[in-house]
Amino acid sequence: MISVSEQFKRLRDLKQCALIPFITAGDPELETTAEALRVLDRSGADLIELGVPYSDPLADGPVIQAAATRALQRGVRLDDVLTLVEQISPQLSAPLILFTYYNPILNRGIEAFLQDIYNAGARGLVVPDLPLEEMESLLSLAQAIGIEVTLLVAPTTPAARIREIAARSQGFIYLVSVTGVTGVRSGIADRVKDLLAELRSTTENPVGVGFGVSAPEQAQQLRQWGADAVIVGSAFVKRLAEGSSEEGLAAIGKFCRELKAAID
Amino acid sequence: MTKTPISPTAQPLSLNARPDRLGRFGRFGGKYVPETLMPALSELEAAYQRYRQEDGFKAELDGLLRDYVGRANPLYFAERLTQHYARPDGSGPQIYLKREDLNHTGAHKINNALGQVLLAKRMGKQRVIAETGAGQHGVATATVCARFGLDCVIYMGVQDMQRQALNVFRMRLMGAAVRPVEAGTGTLKDATSEAIRDWVTNVETTHYILGSVAGPHPYPMIVRDFHAIIGQETRAQCLEKWNGQPDILMACVGGGSNAMGLFHEFVNDADVRMIGIEAAGEGVTTDKHAATLTQGRIGVLHGAMSYLLQDGDGQVVEAHSVSAGLDYPGVGPEHSYLMELGRAEYYSVTDAEALEAFQLISRLEGIIPALETAHAFAYLETLCPKLSGQPRIVINCSGRGDKDVQTVAKVLKLD
């Protein structure tokens, strides 16, 4: 599997904006997640973020919280998620990025966690409750193992700090488009345009925009403002959870194609 | 499957620098929060460092603590309780209560709420949010917001809203919006998560008055410092009463704010024994307890590294206690540090033991303690027979139990 950076480089050469869908592992159940990864991969996803369900997802809004709770209630364990990644990743052309809170990493042991997810086939990692200050040991171990750790920049992040984060972030820089948690919102704040410009002037690294992006028009807007990637989570999770598995899978396939068309 | 986490910032164990520049107590503490909150935590820390030194701030806080809260509250000699634990020859430990239950709003929580609301006002925040378990911190926050005319939103688990209906009414009476939290078990953990999400969303206009010595730096430090007056008054009152120090300090520990408030002043007095009592719920051998320090493993919850009740996957597990204020799977990072240093001792007592103590203190002293506080009293049963001589024990009587009478009546079938 190619790395997150390599994928961005490939897309940049093609002058393409990346689409990064997010789904929660194990919701509605692991078999559906496996199929959903394949569907997304062939429907235009350039990279895929897979959320590890967690009991206290502080950065997530109601949709992803509920998905995580459902997955945990079904008994989904980290080992199950890793097995799933191991089985499916060889079938995907999109690199997999794991999205997990810090405690499950700490609990497994940082190095063991990184090695296990690498062996399973994940190539990227986002840890929403681990800011720069607490990131050091994770970053250095990840680099040695071959996992790229992407850091987040928020609308509240001051300029000097943006530069620091941009310099340390691997794969791409995750720009949080709203002051808030994940979830569907209408429109994109004009502030995101300024933040993208700020990042553009700071770094050569690709910038992906997420949190609150849920419609093709928003994705298109972000591309016009210079985003290298658009990350869409709750809108996928919601569609996948509605109706039967077949209906959910069909819905995310269709939605994925619409989003990709919007940023093409 | 206990694993030791790697922490590059781990300091050699020391009683100095609590916390260090990065907000760490040894390997505990830190700031594990979404990036969105990082600037707000820095702003809060800067504001705190600035105003705590300022004469105007100190004068305003001291004046309100005196005239509004009713400080200093007494250090009371519990004569009949002391007799109850006396040896046959009449000697035995001398038991004193630090009467935080006599504060305005009925618990120690007001010390911190008042300090933080003065900070919020100076930082220009018009909206205040807080989490609450037993409702004491929610009431304290609603109180100070009413006093200063700030908008107030309190997050409270649905289960806690049922067991603490009186406090819900008090908060609403003082103009606070009480938002029910249904996620998880509908208790303090979930209310705290929801308050943090609100703060992530409204951080530019809102101050979050965190109610315990938990959460990301600088909260464990700020909350401790605003409660440190408990220990400072205790020291002065001990000097006045027997011209000496207490021998043993004892307090209940959920997140750990009342215990830290009592302990902080004495941490460097090595001959003062410090004991924190956690909630063992239905017993530490069951899965229904809240004994984080005695039964948990190191993890990260609500922004801090500390001991944590978690499963083999690092998922935070549900805590259980008959007392809503102790029903929390985490604990303040400084307690983890004091335990690791061996400076403080932590034990647990069950729901049943706490309920016994609740009745005992009511009957012997005419003081109905909060169920949380009753946990500290309950440990006297174990502690007193082990003590020799006549050591002076100061128990933090952290809150009054009016709010708990319905719960207790239900459990004991008194009504």
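Residue numbers begin at 1 in each chain, while the letters A, B, ... track the order of the sequences.
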### Criterion side-chain contact (heavy atoms from CB on, under 4.5 Å) against B:Glu35, the qualifying member of A:Leu132, A:Ile165, A:Val153
A:Ile165
### Point-to-point distance, once rounded to the nearest 0.5 Å, from CG of B:Asp190 to CD of A:Gln65
9.5 Å
### Message
So if I take each residue of residues 192-203 of chain A and look for any heavy atom under 4.5 Å from a heavy atom in chain B, which residues do I end up with?
### Response
none
### Message
If you compare all heavy atoms of B:Val316 against all heavy atoms of A:Ser55, which two are closest, and at what distance to 0.1 Å?
### Response
N-OG, 2.8 Å
### Task
Side-chain contact test, heavy atoms from C-beta onward, threshold under 4.5 Å: evaluate it for A:Glu133 versus B:Lys31 and give yes or no.
no
### Which atoms of A:Leu151 approach chain B - backbone, side chain, both or neither, heavy atom under 4.5 Å
neither
#### Entry: Pairs of heavy atoms under 4.5 Å with chain B: top-ranked of A:Pro53, A:Ala59, A:Pro131, A:Gly61
A:Pro131
### Query
Taking the side chain from A:Asp56 and the backbone from B:Leu301, do they hold a donor-acceptor pair closer than 3.5 Å?
no
### Query
For B:Gln315 and A:Asn107, what are the C-alpha separation, side-chain angles and deciding distance, and is it a side chain to side chain contact (heavy atoms under 4.5 Å, CB included)?
CA-CA 9 Å; B:Gln315 306 288 349; A:Asn107 177 70; over 6 Å; no
### Pairs of heavy atoms under 4.5 Å with chain B: top-ranked of A:Ile105, A:Leu72, A:Thr69
A:Leu72
### Task
Report the residues that fulfil side-chain hydrogen bond (donor to acceptor under 3.5 Å, both in side chains) with A:Lys238, sequence neighbours left out, ordered by chain and then residue number.
none
### Message
Taking 4.5 Å as the heavy-atom cut-off, does anything in residues 37-45 of chain B contact chain A, and if so which residues?
### Response
B:Met38, B:Pro39
### Message
Donor-acceptor check, side chain of A:Asn103 to backbone of B:Gly314, threshold 3.5 angstrom: yes or no?
### Response
yes
### Query
What parts of residues 196-208 of chain B touch chain A if we use heavy atoms and a cut-off under 4.5 Å?
B:Ile196, B:Arg197, B:Val200, B:Thr201, B:Val203, B:Glu204
### Query
For A:Thr179, is it the side chain, the backbone, both or neither that has a heavy atom under 4.5 Å from a heavy atom of chain B?
both
### Task
Could you grab the distance from atom CG of A:Leu106 to atom OH of B:Tyr32, nearest 0.5 Å is fine?
7.0 Å
### Query
Taking the side chain from B:Asp313 and the backbone from A:Leu78, do they hold a donor-acceptor pair closer than 3.5 Å?
yes
### Message
Given heavy-atom pairs under 4.5 angstrom as the criterion, report whether the side chain, backbone, both or neither of A:Pro128 touches chain B.
### Response
backbone
### Query
Near B:Lys288 NZ, under 6.0 Å, is it more than 12 heavy atoms from other residues, nucleotides or ligands?
no
